[in-house]
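Everything numeric in this text was worked out from a predicted model, so none of it was measured. Ligands are counted one by one from 1 in listed order, and the atoms in each one are counted from 1 as well.
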Amino acid sequence: MSTDPLFAEFTVKDQTLDNRVGLAPMTRTSATDDGLATDQMAQYYASFARGGFSFLVTEGIHPDTTHSQGYANQPGLATDEQAAAWEPVVEAVHEAGSPIFAQLMHAGAQAQGNRHGYDTVAPSTYRPPGEQSELYGGSGPFPEARSLDSGELNDVREAFVAAAKRAVDAGFDGIEVHAANGYLLHEFVDPLVNDRDDEYGGSPANRARFPAEVTAAINDATPAAFVVGVRTSQAAVVDEERVWPDGETTANALFGALSDAGADYIHVTGGDATAPEVPETDQTLAELAVEYSAETVAVIANGGLGEPPKARTALEDGADLLTLGTSALANHDWPNRVEAGESLADLDPSIVFEPDASLSDAEVPGDD
Ligand SMILES: Cc1cc2nc3c(=O)[nH]c(=O)nc-3n(C[C@H](O)[C@H](O)[C@H](O)COP(=O)(O)O)c2cc1C
């Protein structure tokens, strides 16, 4: 039996994971125009399970047919038809031996390519800096997003819950609430975006309230064995340098509120998961998540962990699990290779990112 900490078993709720290495959520803009998952996506996801990833988190999935869609050809869980389209993906991953969690993402002010034609929304009036992402098929500046009123917050919460129930119906083992990377739920946490004067703005506890409410509502509405995780970050897609100005205070309020909401795991992401990137503390984001969340909450570290020694450091620093993004794209079998002592491939951007982040046939293995 391996003594490598990367290959120790771990349990999340009823899921026994073979090792500590999961697939990070990655948008691939490869669904149909109607947001239906495809056979190509099933092959793509199953290849990571075959390659030894002990759990998979899907790309961000939009939960409603109004404001939430983030990108053209992003898959949805906003309709029963979209849920049904996920079933072959989930089955293929299960056959290959791993659980799969659906990442539910409301794009907020960073939405681009929303085919439903709605305006963009945020906690407060806000225009994201910079230009829309060409990697995901966008161009030009972002429009100014308008602020959501309290009635609309109920609609957003209910849409997340309905999408989570559809994820249950589609056979997913859990969902991940996307509260990171500058999308809507992160915009509530971020004081540079959120200047509300109601109970959802102001103090760190108030700014954590809406993501925690969404998490709690999903937890209440889904079966006991269904995993409910949350992803958080300091940085946004539109601002990779962004941090929580009051660092540890926000970490304390946010991780505490997500624990109280019943999160099974907290997935933290940053540029380097082994570096202290939070102002006014020398702890990593994962260490803060361990410190301020309940003992029952698993902590997943992500960011820059593609070299096995770095990945082991993240576990030694206290994370229970880790996820890989770009290095998984370069090595769909990263865990199997590392366990066998084989070398790892570098990412070929011409296959994965050119002309955009959509799946290329060269990247998706067929049936074995
Ligand atoms: C092509 C691509 C798409 C991504 N899409 C998402 C997404 O849908 N949801 C999300 O939370 N993070 C997304 N991310 C961020 C990754 O999950 C991860 O945090 C990032 O790549 C850093 O991890 P790494 O250093 O292992 O690559 C994406 C990253 C890439 C490269």
Checking Y126, F210, Y183 against F188 for ring pair (Phe, Tyr, Trp, His ring centres under 6.0 Å), the one that qualifies is F210
>> Would you say the rings of Y292 and F255 are close, in the sense that their centroids are separated by under 6.0 Å?
In response: no
Atom 2 (C) of ligand 1 has as its nearest protein heavy atom Y136 OH, 3.5 Å
* Asked: Taking atom CD of E342 as the centre, does the number of heavy atoms from other residues, nucleotides or ligands within less than 6.0 Å exceed 12?
  -> yes
When you measure from the side chain of Q82 to the backbone N and O of A78, does any donor-acceptor pair fall under 3.5 Å?
yes
Please report whether ligand 1 has a polar contact with R231, defined as an N or O pair separated by less than 3.5 Å (distance criterion only). yes
Non-hydrogen atom of G303 closer than 4.0 Å to ligand 1:
yes
#### Entry: Donor-acceptor contact below 3.5 Å, side chain R207 vs main chain Y200
no
Within 4.0 Å of some non-hydrogen atom of G304, the atoms of ligand 1 are 24 (P), 25 (O)
Within 4.0 Å of some non-hydrogen atom of F353, the atoms of ligand 1 are 1 (C), 31 (C)
Original post:
Does an N or O from P25, backbone or side chain, lie closer than 3.5 Å to an N or O of ligand 1?
Top reply: yes
re atom 5 (N) of ligand 1, the protein heavy-atom contact at minimum distance is T27 N, 2.7 Å
What class does the angle between the rings of Y45 and F48 fall in, given that below 30° is parallel, 30 to 60° is tilted and above 60° is perpendicular? tilted
Do F160 and T215 have side chains that approach each other closer than 4.5 Å (heavy atoms only, starting at C-beta)?
no
Is the distance from the ring center of W334 to that of F53 below 6.0 Å?
no
- Message: Between ligand 1 and S327, is the shortest N or O to N or O distance under 3.5 Å?
- Response: no
re atom 26 (O) of ligand 1, the protein heavy-atom contact at minimum distance is G325 N, 2.8 Å
Note: ligand 1 atoms sitting under 4.0 Å from heavy atoms of T269 are 19 (O)
(Q) So for ligand 1, is A24 a polar contact partner (N or O within less than 3.5 Å, distance only)? (A) no
Ranking N181, V57, N302 by closest non-hydrogen atom to atom 22 (C) of ligand 1, top hit is N302
Check your understanding: When the ring planes of H67 and H106 are compared, do they come out parallel, tilted or perpendicular, using 30° and 60° as the limits?
Key -> parallel
Quick note on ligand 1: atoms under 4.0 Å from a heavy atom of Q103 include exactly 7 (C), 8 (O), 9 (N), 10 (C), 11 (O)
When rounded to the nearest 0.5 Å, the distance separating CG of L104 from OG of S68 is 9.5 Å
Non-hydrogen atoms of L305 versus ligand 1: any pair closer than 4.0 Å?
no
Atom 29 (C) of ligand 1 sits nearest the protein heavy atom M26 CG, 3.6 Å
If we number the atoms of ligand 1 from 1 as shown, the ones under 4.0 Å from a heavy atom of L324 are 26 (O)
